[in-house]
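Below, read A as the first sequence line, B as the second, and so on, with proteins coming before strands; counting in each chain starts at 1. Note that these values count all heavy atoms, side chains included, but never hydrogens, waters or copies made by symmetry.
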Amino acid sequence: MPELPEVETVRRGLEPVMAGVRFARVEQRRADLRFPFPERFAERLEGRKVLRLDRRAKYLLAEIEGGECLLMHLGMSGRFTIEPPRRVRRAASAETAPRGAFLHDTGLGAAHDHVVFHMSNGATVTYNDPRRFGFMDLFAEAERESHKLLAGLGVEPLGNHLNAEYLSGRAHGRRADLKAFLLDQRIIAGLGNIYVCEALHRAGLSPRRRAGTLADRQGRPAERCAPLIAEIRRVLEDAIQAGGSTLRDWRHADGALGYFQHAFRVYDRAGETCPRPGCRGTIRRFVQAGRASFACRLCQH
DNA sequence: AAAAGCCCCTGGACGC
DNA sequence: TGCGTCCAGGGGCTTT
């Protein structure tokens, strides 16, 4: 489920049960996800407190007491589920469960539960990831800025560093499609396929336009960049407000469903009439850089 | 340096 | 019911 709004939604869901709380026990159920887990992963976490839970791009970053940083990426299919601190559980479930077991009531099953964090407050946080494109790492907090996976990331789309001058400068001379340019995490970090499609439609820009056409024209970088930036921010903020998007019935950390998918204007809406008021176009699906794009030919140029 | 492919992996939807 | 094919919210790595 992981573009920026979904990761931010997960962060907000995990924060209350993890921030300021110790790892009592960590179950690492396989040697690797996309990459091998770091050495002594579980032992290095157990007994330590989570000081803070941050998001950078699509990464979750937990500062751990003792000077380490836990990095978590959800890949395509990663999700967290939370079992709140043990209280009164339904009697029927309690009877059939092993003593002390935490029950999954999410309906997801435990087949791909790869990591289970048992927190000292009694909460259980389970990482489930069928495709295993996600991964975790643990490294010195001091290396956060220089970490291989974080060092090259571009600006946060909701931060102050994304502005017309920046975007214009990075776009200058680029021959790649605008779609691919916006998906490039080294330029803007956190956008994914859905929100790029949505932002481009809102901005009236074609995904196939060359990125370089956004660049400065006679010292007016804001001309095309500013409206696009405004739409990127708007769609991300709207999505976060809605709790992200839930595709294929996936749930967020607290078990709730995000509902921004109902607000998609173009993503996965091939064949539908363009939702822009007054536009009679039809949403088309096509492939760019191996990924599906959705756009209206009539109002996106 | 930038751009284009390939690949990692499982599961759901669909056609036959 | 079963099987084959295609597709999926990401991104690292290698090749041009």
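In this structure, the CG atom of A:D137 is 14 Å from the C1' atom of C:dG12, given to the nearest Å. Taking atom CD on A:Q288 and atom P on C:dG9, their separation rounds to 13 Å, with Å as the unit. Between the CG atom of A:D268 and the P atom of B:dA13 there is a distance of 13 Å, given to the nearest Å. Between the P atom of C:dC7 and the CE atom of A:M76 lies a distance of 13 Å, rounded to the nearest Å. One atom, CG of A:L71, and another, C1' of C:dG11, lie 13 Å apart when rounded to the nearest Å. The interatomic distance linking A:L236 (CG) with C:dG9 (P) rounds to 16 Å, in whole Å. Rounded to an integer number of Å, the gap from CG of A:D177 to P of B:dA2 is 16 Å. Atom P of nucleotide B:dT10 and atom CZ of A:R34 are separated by 14 Å, given to the nearest angstrom.
For the pair A:F133 and B:dC8, the ring geometry qualifies as stacking, because the centroid separation is below 5.5 Å while the planes lie within an angle under 30°.
Residues from residues 179-208 of chain A that place a heavy atom under 4.0 Å from any atom of DNA chain B: there are none.
For the pair A:R208 and A:F286, the distance from NZ or CZ to the six-membered ring centre is under 6.0 Å and the angle to the ring normal is within 45 degrees.
Considering only the side chain of A:H73, C:dG11 comes nearest among C:dG12, C:dC7, C:dG11. Of all nucleotides listed (C:dG9, C:dG12, B:dA3), C:dG12 comes nearest to the side chain of A:Y59. For A:F35, the side-chain atoms get nearest to C:dG12 when compared with the rest of C:dA8, B:dC8, C:dG12.
Spacing of P atoms, B:dG5 relative to C:dC7, comes out at 16 Å, to the nearest Å. Between C:dC6 and B:dC6, the two P atoms lie 15 Å apart (nearest whole Å).
At the heavy-atom level, A:A289 lies nowhere under 4.0 Å from the strands shown. If you check every strand for non-hydrogen atoms under 4.0 Å, A:R132 touches sugar and phosphate atoms only.
A ring-centre distance under 6.0 Å is not found for A:F23 and A:H118.
For the pair A:K58 and C:dG9, the criterion of a side-chain N or O lying under 4.0 Å from OP1 or OP2 is not met. Taking side-chain N and O atoms only, A:R174 has a distance below 4.0 Å to OP1 or OP2 of B:dA3. At least one side-chain nitrogen or oxygen of A:R291 sits closer than 4.0 Å to the OP1 or OP2 atom of C:dG9.
Ring orientation note: the planes of A:H114 and A:Y127 are tilted relative to one another, at an angle of 30° to 60°. Taking the six-membered ring where the residue is Trp, A:F41 and A:F37 present tilted rings, their angle falling between 30° and 60°.
Counting only heavy atoms from C-beta outward, the side chains of A:R234 and A:R202 approach each other to under 4.5 Å. A:L71 places none of its side-chain heavy atoms less than 4.5 Å from the side chain of A:L60.
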Could you give me the CA-CA distance, side-chain angles and deciding distance for A:E65 and A:R48, then say whether salt bridge (charged side-chain N to carboxylate O under 4.0 Å, His left out) is met? CA-CA 6 Å; A:E65 181 184 48; A:R48 306 221 183 243; 5.6 Å; no
Given the rule in the salt bridge (charged side-chain N to carboxylate O under 4.0 Å, His left out) test, do A:R224 and A:D216 qualify, once you have shown the distances and angles that lead to the verdict? CA-CA 9 Å; A:R224 282 181 180 140; A:D216 201 344; over 6 Å; no
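Pair check for B:dA13 finds C:dT5; Watson-Crick or G-U wobble, both atom distances under 3.5 Å.
Remark: the A:R131 side chain and the C:dA8 base include a donor-acceptor N/O pair separated by less than 3.5 Å.
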